[in-house]
Amino acid sequence: MDYESVMKLALERGFYFPSCEVYADAQAGFWEYGPSGVGLKNKFLELWRRELVRRDAMMEIDGSQIMSGSVFEASGHLENFADPIIKCAECGSTFRADRIISEAAGIEIPEGAEPAEFDRILSEKGVACPKCKGSFGGAKRFNMMFGVGIGPEGVGAYLRPETCQSIFVDFPRLYKTMRGRLPLGVAQVGKSFRNEIAPRQSLLRLREFYQAEIEVFCNPSRLDEVDKFAEVQDTTIRIQTDGDPVPMTCGQAVDSGAIPNRFVAYYIGILAEFYEKTGINVQRSRFRRLGEKEKAFYADVAFDFEVETATGWLELVACNYRSDYDLSSHAKKSGEKFEVMDNDEKVLPHVFEISMGIDRSLYTILEHSLREDEKNDRTVLSLRPYLSPVHVGVLSLVKKDGLKEKADEIYMQLRRKCDAFLDHSGAIGRRYRRLDEVGAPFAITVDHQTIKDDTVTLRMRDSMEQKRVRISELDSVVAESIAYP
RNA sequence: GCGGAGUUAGUUUAGCCUGGUAGGACGUCAGCUUCCCAAGCUGAAGGUCGCGGGUUCAAAUCCCGCACUCCGCACCA
């Protein structure tokens, strides 16, 4: 389905919409989840917990969104999470320094170079503002972190640009108090903040966004001693090292060297199994191994999990082998000890990270689930039942003859056991279509026969088929239908 | 941030060129009808015409600035 149709559904059915939209000074890159969006998000995260956190016996934490400056000195974000920019002294236009030098002088300078280096080249080559021919002021680094001032003195701190830093700085306490053993997965769901220059496409590039991150701490000398690898060795993934994505099992990926070890392959395997259960079409996905230039500054080996959408290939998850980059940096900066005992060996653990973009994943689920059923003149959101914001609609065929009251009764019976939605008003077909659009997998309809024999109609969203079910069996029918796989 | 295109009700859109009380469709709500798939009938609600300024007797309409949305570039979860 195309981006516009997903956007229209999101606005009309309460999945998501712009933040602060009644005010003219609302800024780009901030969006709200409405009732349907929250329903989908909560269920998505429950699936994530089941398939990754609980499956691998990980710990989950919930860290602060505001973190001290030292954290980001150690993490490298103050130094590296920034673009070099220059501003024209005449007209005020802002440009990326590395880019304008490449365009005007044909010289490639790494974006991480010192500001003075940019200034030197600019004056040497006499580069002028492409807009007004004015001269440039000095190059600066534009850091993408939002700074915040704490307390009356405004002590400098930052909104975290990724959730994982709290996992790293909490690691010593977690390991000691929670009886940690390597390999240890620590997970976190939460907001991260990046001051993007050009946010775009609603949930796809936000300034404030949700991440579900997992950091697995491991002993780097035991990356192939992973018993649980057997669980995923026959799981098929589509992996791209160079050229087109190639489907292969996790076992084949390790044997062929496409994935460097069983440890990384295990986590990629369970991640692939998770995404299969979200209803995203994994035939249109790939694990793409990143080249040296594309990798983040902290990554040793990196795979992006990408999915084909109406907007092109979209990165949903970054899988980075961060080695001991984070723990050694925090150890050095803080003076805290981050080494742990693994059997009789003292090791500074390495980290493999699964950094998931929740908002992008939810968008993709919507796009891949939405379809136009032209034959029946309806729009259907074929979400997996366990992810649907509304599990079941409860309808009265007509309001009179006690059918309304009977439907109310059934709704009361179900409402605490699942997400039920009660609707009495309008034509039955219209009500079915409304439910189809929010992805409710089925509807229960009370009709005149219900009064006679205590059965109801169960109408299925995808096939529009109907069958009769006893009211006494509804609890178990519903529970079974919306159960997580 | 650059280049391009847009912004009118919940959604979609007419009106803008050529200034003169903002209109339709769908949706929503109430009622009638209706024994299973957007039917029909009656009625109703819903608009700072993105925001601010200017021109004018008068601005959705003309001019300027800004914001936002979309596309391309660049960047990224």
Side-chain angles (χ1 to χ4, degrees), chain A residues 3-5 7-14 17-30 34 81-83 85-88 92-96 98-100 102-103 111 129-131 142 144 161-164 191-207 209-213 294 296 304-306 311 314-320 353-361 363 373 376-379 395-401 403 425-437 443 445-451 456-459 461 464-466:
Chain A
Y3 174 85
E4 292 295 329
S5 302
M7 194 66 237
K8 189 170 178 246
L9 179 85
L11 292 171
E12 279 185 341
R13 296 289 170 211
F17 46 85
S19 177
C20 313
E21 61 179 334
V22 300
Y23 285 107
D25 63 350
Q27 291 295 299
F30 301 93
F81 200 61
D83 290 335
I85 56 165
I86 44 171
K87 195 167 180 178
C88 171
S93 303
T94 307
F95 303 92
R96 270 193 63 148
D98 54 332
R99 186 164 158 70
I100 206 154
S102 152
E103 279 170 6
E111 62 168 66
C129 172
K131 217 173 168 186
F142 168 69
M144 300 229 292
E162 52 181 9
T163 56
C164 58
K191 283 267 176 87
S192 291
F193 304 83
R194 297 183 189 175
N195 201 357
E196 294 287 344
I197 295 171
R200 194 70 64 84
Q201 286 172 318
S202 58
L203 300 190
L204 303 190
R205 194 160 74 243
L206 296 159
R207 288 190 167 127
F209 59 101
Y210 281 103
Q211 291 185 302
E213 291 197 300
E294 281 184 290
D304 278 355
F305 178 69
E306 299 176 327
T311 64
L314 181 65
E315 179 184 350
L316 300 189
V317 187
C319 303
N320 296 305
E353 131 181 295
I354 304 170
S355 174
M356 180 180 297
I358 294 173
D359 315 275
R360 289 179 169 192
S361 296
Y363 169 83
D373 180 358
N376 295 298
D377 193 24
R378 62 180 189 143
T379 301
L395 316 176
S396 51
L397 186 58
V398 294
K399 275 184 247 182
K400 59 186 181 184
D401 302 333
L403 300 192
S425 76
I428 192 75
R430 178 185 303 282
R431 282 179 276 161
Y432 285 148
R433 276 159 181 74
R434 270 200 292 255
L435 289 167
D436 290 341
E437 284 192 24
T445 303
V446 172
D447 55 25
H448 287 90
Q449 195 181 327
T450 306
I451 305 300
V456 291
T457 302
L458 200 62
R459 180 263 192 186
R461 171 194 68 200
M464 296 173 75
E465 281 168 7
Q466 304 187 347

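What you are looking at is a predicted structure, and each value in this text was computed from that prediction instead of being measured. By convention in this document, chain letters (A, B, ...) are assigned in the order of the sequence lines, proteins followed by strands, and residues within each chain are numbered from 1.
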Query raised in the report: Could a donor-acceptor pair under 3.5 angstrom be found where the side chain of R205(A) meets the base of A74(B)?
Result: yes

Query raised in the report: Side-chain donor-acceptor pair under 3.5 Å between S192(A) and Y210(A), yes or no?
Result: no

Report task. Could you tell me the separation between the CD1 atom of I358(A) and the P atom of C76(B), rounded to a whole number of Å? Result -> 21 Å

Query raised in the report: Would you say R200(A)'s side chain and R205(A)'s backbone share a donor-acceptor pair under 3.5 angstrom?
Result: no

Requested in this report: For G3(B) and G50(B), measure between their P atoms and round to the nearest Å.
Outcome: 23 Å

**Report entry** Exam field: side chain R431(A) to backbone G426(A), donor-acceptor pair closer than 3.5 Å
**Finding:** yes

Report summary line: R378(A) meets the side-chain hydrogen bond (donor to acceptor under 3.5 Å, both in side chains) criterion, sequence neighbours left out, with D373(A), D436(A)

Requested in this report: Using a heavy-atom cut-off of under 4.0 Å over every strand shown, decide if L395(A) touches base, sugar-phosphate, or nothing.
Outcome: nothing

**Report entry** U56(B) pairs with, by Watson-Crick or G-U criteria that keep both distances under 3.5 Å
**Finding:** none

Query raised in the report: If you take atom types as modelled and just measure distance, does the side chain of R200(A) reach the base of C68(B) with a donor-acceptor pair under 3.5 Å?
Result: no

Query - Rounded distance in Å - CD (E196(A)) to C1' (C68(B)) - result: 17 Å

Requested in this report: Please tell me which of S355(A) and V22(A) maps to the more 5' nucleotide of RNA chain B, matching each residue to the nucleotide holding its nearest heavy atom.
Outcome: V22(A)

Requested in this report: Could you work out the separation of G47(B) and G23(B) based on their C1' atoms and round it to a whole Å?
Outcome: 12 Å

Report summary line: Taking a pair to mean Watson-Crick or G-U wobble geometry with both distances below 3.5 Å, A22(B) pairs with none

Query raised in the report: Does NZ or CZ of R207(A) come closer than 6.0 Å to the centre of the six-membered ring of F193(A), within 45° of the ring's axis?
Result: no

Requested in this report: Using the C1' atoms only, state how far A60(B) lies from G6(B), rounded to an integer number of Å.
Outcome: 15 Å

Query raised in the report: Which part of the nucleic acid, if any, lies within reach of S192(A) when heavy atoms closer than 4.0 Å are counted: base, sugar-phosphate only, or nothing?
Result: nothing

Requested in this report: Return the nucleotide paired to A44(B): Watson-Crick means purine N1 to pyrimidine N3 with N6-O4 or O6-N4, wobble means G-U with N1-O2 and O6-N3, both under 3.5 Å.
Outcome: U28(B)

Query raised in the report: What distance, rounded to whole Å, do you find between the two P atoms, one in G10(B) and one in U55(B)?
Result: 32 Å

Requested in this report: Provide, to the nearest angstrom, the distance between the CG atom belonging to D304(A) and the P atom belonging to C75(B).
Outcome: 14 Å

Requested in this report: Specify the separation, in whole Å, of atom CZ of F305(A) and atom P of A77(B).
Outcome: 16 Å

Query raised in the report: To the nearest Å, how far apart are L11(A) CG and C68(B) P?
Result: 17 Å

Query - Test item: R433(A) side-chain N/O and G429(A) main-chain N/O as donor-acceptor pair under 3.5 Å - result: yes

Report summary line: Taking for I197(A) and for E12(A) the nucleotide of RNA chain B with the nearest heavy atom, the one nearer the 5' end belongs to I197(A)

Requested in this report: Write down the distance between CG (L9(A)) and P (G27(B)), rounded to a whole number of angstrom.
Outcome: 16 Å

Query raised in the report: Watson-Crick or G-U wobble partner for C68(B), using a 3.5 Å limit on both distances?
Result: G6(B)

Query raised in the report: So, the side chain of E213(A) versus the backbone of C164(A): is there a donor-acceptor pair under 3.5 Å, distance only?
Result: yes

Requested in this report: Using whole Å, report how far CZ of R207(A) lies from C1' of A77(B).
Outcome: 16 Å

Report task. Give the intermediate values and the outcome of side chain to side chain contact (heavy atoms under 4.5 Å, CB included) for residues I358(A) and F209(A). Result -> CA-CA 8 Å; I358(A) 294 173; F209(A) 59 101; over 6 Å; no

**Report entry** Non-hydrogen atoms of D447(A) and T457(A) that approach each other most closely
**Finding:** OD2-OG1, 3.4 Å

Each nucleotide N or O in nucleotides 64-67 of chain B that has a protein N or O under 3.5 Å away: list the pair and distance.
| residue | atom | partner | partner atom | Å |
| --- | --- | --- | --- | --- |
| A67(B) | O2' | A24(A) | O | 3.2 |

Query raised in the report: When the P atoms of C16(B) and A22(B) are considered, how many whole Å apart are they?
Result: 15 Å

**Report entry** Nearest-Å distance once atom C1' is located in both A9(B) and C17(B)
**Finding:** 26 Å

Query raised in the report: For atom P, what is the distance between C49(B) and G20(B), given to the nearest Å?
Result: 15 Å

Query raised in the report: Given the C1' atoms of A59(B) and G52(B), what is the spacing between them in whole Å?
Result: 14 Å

**Report entry** Any Y3(A) side-chain N or O less than 4.0 Å from OP1/OP2 of C70(B)
**Finding:** yes

Report summary line: Counting primed atoms, P, OP1 and OP2 as sugar-phosphate and everything else as base, the B/S/- map of nucleotides 29-42 of chain B against protein heavy atoms under 4.0 Å is --S--BBBBBS---

Requested in this report: Find the distance Q201(A):CD to C68(B):P and express it as a whole number of Å.
Outcome: 16 Å

**Report entry** Test item: R360(A) side-chain N/O and E315(A) main-chain N/O as donor-acceptor pair under 3.5 Å
**Finding:** yes

**Report entry** Non-hydrogen atoms of S202(A) and L206(A) that approach each other most closely
**Finding:** O-CD2, 3.3 Å

